[in-house]
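Just so it is clear, the structure is predicted and the values come from calculations on it, not from any experiment.
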Amino acid sequence: MPPADPALTDAQRAVLAAWPAFQSAAAVTWGSVDRLVRALHHVDTLADLPDDDAAELLALMQRATNRLHALRPASPHRGSA
């Protein structure tokens, strides 16, 4: 992960910190946290996202990450006997 941008607020930094886990769980290969922010909140970058929206995005990413992990099979051999 790139070094923390001092211009980001704590809420924005939390979103940035949660990105790698979300990216991995969702198998995101199409973009970046800024691209997600643009798609969902219609602002150019994470730095432009208000703190209340950043907190909501963080919660969404964490819920999605947890649910995606729960949906994954325990092992690649699950269901074979």
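Legend: residues meeting side chain to side chain donor-acceptor pair (under 3.5 Å) with Asp48, ordered by chain and number and at least two apart, are Thr45. Asp10 meets the side chain to side chain donor-acceptor pair (under 3.5 Å) test with Arg13; sequence neighbours excluded.
In this structure, CG on Leu68 lies 11.5 Å from CE on Met61, to the nearest 0.5 angstrom. The structure places CG of Leu71 at 11.0 Å from CG of Asn66, a figure rounded to the nearest 0.5 Å.
The one candidate from Arg63, Arg67, Gln62, His69 that meets the side-chain contact (heavy atoms from CB on, under 4.5 Å) condition with Thr65 is His69.
The nearest pair of heavy atoms linking Gly31 to Trp19 is O-CZ2, 3.9 Å. Smallest separation of non-hydrogen atoms from Leu58 and Ala18: CD1-CB, 3.5 Å. The shortest non-hydrogen separation linking His41 to Leu57 is NE2-CB, 4.1 Å.
Within the 3.5 Å criterion, the main-chain N or O of Asp44 finds a donor-acceptor partner in the side chain of Arg38.
Leu46 and Val28 end up in the same hydrophobic cluster when Ile, Leu, Val, Met, Phe, Trp and Tyr side chains are linked at under 4.5 Å. A continuous path of ILVMFWY side-chain contacts below 4.5 Å connects Leu8 to Val37, so both sit in one hydrophobic cluster.
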For this session: Please report the C-alpha distance between Leu60 and Leu40 in whole Å, then the side-chain angles of each, then the deciding distance to 0.1 Å, and finally whether the side chain to side chain contact (heavy atoms under 4.5 Å, CB included) criterion is met.
Result: CA-CA 11 Å; Leu60 172 77; Leu40 296 178; 3.9 Å; yes
